[in-house]
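Working notes for the structure below.
We count ligands from 1, going down the list as the structure has it; atoms in each ligand are counted the same way. Model, not experiment: these values are computed from the prediction.
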Amino acid sequence: MNEADKERPANFIHNIIEQDLAQDTLGRPIATRFPPEPNGYLHIGHAKSICLNFSTANKYAGFCNLRFDDTNPDKESEEFQESIKADVLWLGYQWHDVPLHASDYFEQLFEFAIDLIKQGTAYVDDLSAEEIRTYRGTLTEPGKESPARSRPVAENLDLFNRMADGEFDEGDYVLRAKIDMASPNINMRDPTIYRIRRTSHHRTGNTWQIYPMYDYTHCVSDALEKITHSLCTLEFEDHRPLYDWFLEQLDVPCHPQQIEFARLELDYTVTSKRKLQRLVTENFVDGWDDPRLPTLQGMRRRGYPSAALREFCDRVGVTKKSTTIETTALETCVRDELDKTAPRAMAVLDPIKLVLTDYPADKVDTINARNHPKDETMGRRPLSFSREVFIERDDFMDDPPAKYFRLAPGREVRLRYAYVVKCEEVIRNENGQIIELRCTHDPDTLGKKPQDGRKIKGIIHWVDAKTAVDGTAHLYDRLFNTENPAAAEDFTQDLNPKSLQTIASVKLEASLADAAPESVFQFERLGYFCADRATHAAESPVFNRTVTLRDTWAKVSPS
Ligand code: ATP
Ligand code: MG
């Protein structure tokens with residue numbers, strides 16, 4: 001990863017780092033961190049942050065910490081934490097040393113809070129949450145000082161210790177920084193540093209009755225870990241003065257630099273953990289790893305290669321300008337990657353039987369088919385061919401329009417890798433539905449052009465009926481019908497009811513039964529399909545369509 005990360009495109013953050021390195025002001029290695037709150041599964045936006053933080057550290061031979069920002073015991077869990085670790089590794093990154101936690105610093109954060117109180121820059125307030133909000137003022141009006149602001153240091157120390165000892169109920173008291181109630185920046189109007197929470201924490205259990213707030217915890221954790229550049233999203237720009245204020249007040253080992261960049265948003269989906277959580281808990285989707293979700297687990301289960309996500313993050317770039325990226329741009333990265341790496345195979349989603357009346361019933365041709373049209377190193381596989389094969393229902397038309405080059409009565413078409421066949425008779429059931437096509441074949445065309453020079457324009461895929469394996473396919477469409485579902489009053493109203501189509505009886509070439517879960521194939525002419533991570537098995541294969549093909553079939557050659 002280190003070498004590849006040196007090649008990744010430079011961005012404005014790298015320019016800042018290079019200036020810092022040139023001026024030799026840091027006196028320590030470049031250090032970044034990825035600081036997720038373990039209150040949900042990671043999504044595509046987090047991938048941008050992960051790629052940026054880890055690749056920046058790699059590029060400058062520094063380190064990147066994985067730090068769980070676990071200061072809210074009400075919403076956090078071990079399950080989320082484990083999924084985050086798995087996602088970072090899957091994306092191809094390795095954190096420095098061991099995973100860290102804001103909760104590792106609870107003791108130090110408590111001591112630093114005592115220091116603030118002793119310095120007279122923090123006080124215990126007994127206003128209610130509601131009162132604190134009204135006292136804070138607005139963008140146009142200054143805030144009002146709390147009566148508790150002038151509480152003597154000794155009393156603050158006593159109350160804060162009793163808060164920690166669990167003497168009070170939630171909401172009775174908070175600890176606040178004493179900064180400036182008239183500041184034009186609302187974040188500086190005596191923000192809360194500690195609040196009482198009587199919930200058990202997933203790591204520290206019932207040790208603590210008070211929990212530090214994000215703004216206070218984050219900068220101190222960064223400083224304790226000797227982070228050099230603390231990269232976060234734009235909404236924290238207005239919090240930067242507070243980040244700097246805390247570090248100036250406290251006797252911390254260093255003062256990291258916070259730099260903000262634009263969030264990554266995708267159209268036709270939502271990237272907020274809260275919204276994703278609703279989709280999961282209200283069963284609009286089938287779990288956090290539902291392949292329709294933009295979660296890393298969902299995209300992984302769908303078959304998106306992690307290399308495609310890294311490439312996507314590179315193409316999107318790192319800037320200060322918020323934009324929504326088209327999901328189709330992500331799909332392009334997925335196709336570009338899979339075109340190189342996915343072996344080809346054949347499957348039929350909507351089968352009808354094609355019988356070659358002039359092909360001996362006991363004969364079998366074994367075709368040595370290439371696994372990749374451009375990459376011979378991906379090898380070949382044996383494909384059996386016999387008298388009966390399945391083809392797609394829509395590769396036949398009774399009365400085709402001019403540009404239809406597939407099968408029709410009296411017409412010829414090539415079966416990919418195999419023979420040129422001609423449709424002689426159409427068999428229907430009593431409802432007029434086609435159940436079988438009777439054809440003849442030209443025995444001299446096995447992987448070869450017809451001897452007489454006649455041109456065969458159409459090539460269709462097929463699966464040998466004798467050896468076909470039955471399987472299930474999931475086809476996906478956009479999860480939402482509107483470009484920006486987050487803008488709707490209730491985003492669940494915009495869900496696309498047709499986002500998942502399950503086909504229970506697809507015909508697969510025999511080799512696909514042995515596919516390893518998570519392996520991705522290009523089913524010729526149909527798209528890329530991934531053997532489902534959770535449910536695929538040799539006796540009942542399950543494939544998820546990763547993405548459709550952009551390429552047209554016309555480019556494919558017959559051998
Ligand atoms: P959400 O809004 O989905 O809850 P969050 O910012 O609360 O996201 P965190 O777990 O706090 O989630 O995020 C961890 C890191 O990932 C943070 O540094 C955050 O800035 C970054 N991050 C989160 N969402 C995005 C995004 N859409 N684009 C880029 N970075 C993001
Ligand atoms: Mg957050």
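Using modelled atom types and a 3.5 Å distance limit, the side chains of Tyr93 and Asn53 yield no donor-acceptor pair.
Arg151 and Asp126 are joined by a salt bridge, as a carboxylate oxygen and a charged side-chain nitrogen come within less than 4.0 angstrom of each other. Using a 4.0 Å cut-off between charged nitrogen and carboxylate oxygen, Arg478 and Asp494 do not count as a salt-bridge pair. Using a 4.0 Å cut-off between charged side-chain N and carboxylate O, Arg8 and Asp5 make a salt bridge.
In the vicinity of Pro35, heavy-atom distances shorter than 4.0 Å reach the ligand 1 atoms 14 (C), 18 (O). The contact set between ligand 1 and Thr233, taken as ligand atoms under 4.0 Å from a residue heavy atom, comprises 20 (O), 29 (C), 30 (N), 31 (C). Residue Pro36 has at least one heavy-atom neighbour below 4.0 Å for each of these atoms of ligand 1: 10 (O), 14 (C). Near Leu264, meaning under 4.0 Å from any of its heavy atoms, are these atoms of ligand 1: 26 (C), 27 (N), 28 (N), 29 (C).
The proximity of His43 to ligand 1, defined as any non-hydrogen pair under 4.0 Å, is limited to the side chain. Neither the backbone nor the side chain of Phe236 has any atom closer than 4.0 Å to an atom of ligand 1 (non-hydrogen atoms only).
The shortest N or O to N or O distance between His46 and ligand 1 is below 3.5 Å. The distance criterion of under 3.5 Å between nitrogen or oxygen atoms is not met by Ser272 with respect to ligand 1. In terms of polar-atom proximity, Lys273 is counted as a contact of ligand 1, with an N or O under 3.5 Å from an N or O of the ligand. Taking only nitrogen or oxygen atoms, main chain and side chain alike, Glu37 reaches within less than 3.5 Å of ligand 1.
When ring centroids are compared, Tyr211 and Tyr194 stay outside the 6.0 Å threshold.
Other residues, nucleotides and ligands contribute over 12 non-hydrogen atoms within 6.0 Å of the CG atom of Asp165.
Within the set Phe261, Phe34, Phe68, the minimum heavy-atom distance to atom 15 (C) of ligand 1 is found for Phe34. Checking Lys48, Glu260, Arg263 against atom 6 (O) of ligand 1, the nearest heavy atom belongs to Arg263.
Using a 4.5 Å cut-off on side-chain heavy atoms (C-beta onward), Lys48 and Cys313 make contact.
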Side-chain donor-acceptor contacts of residues 226-233 below 3.5 Å, not counting sequence neighbours, with atom names and distances?
residue	atom	partner	partner atom	Å
Thr228	OG1	Ala31	N	2.8
Thr228	OG1	Ala31	O	3.1
His229	NE2	Asp20	OD2	2.7
Ser230	OG	Arg33	NE	3.3
Ser230	OG	Arg33	NH2	3.1
Ser230	OG	Asp222	OD2	2.6
Thr233	OG1	Glu235	OE1	3.2
Thr233	OG1	Glu235	OE2	3.0

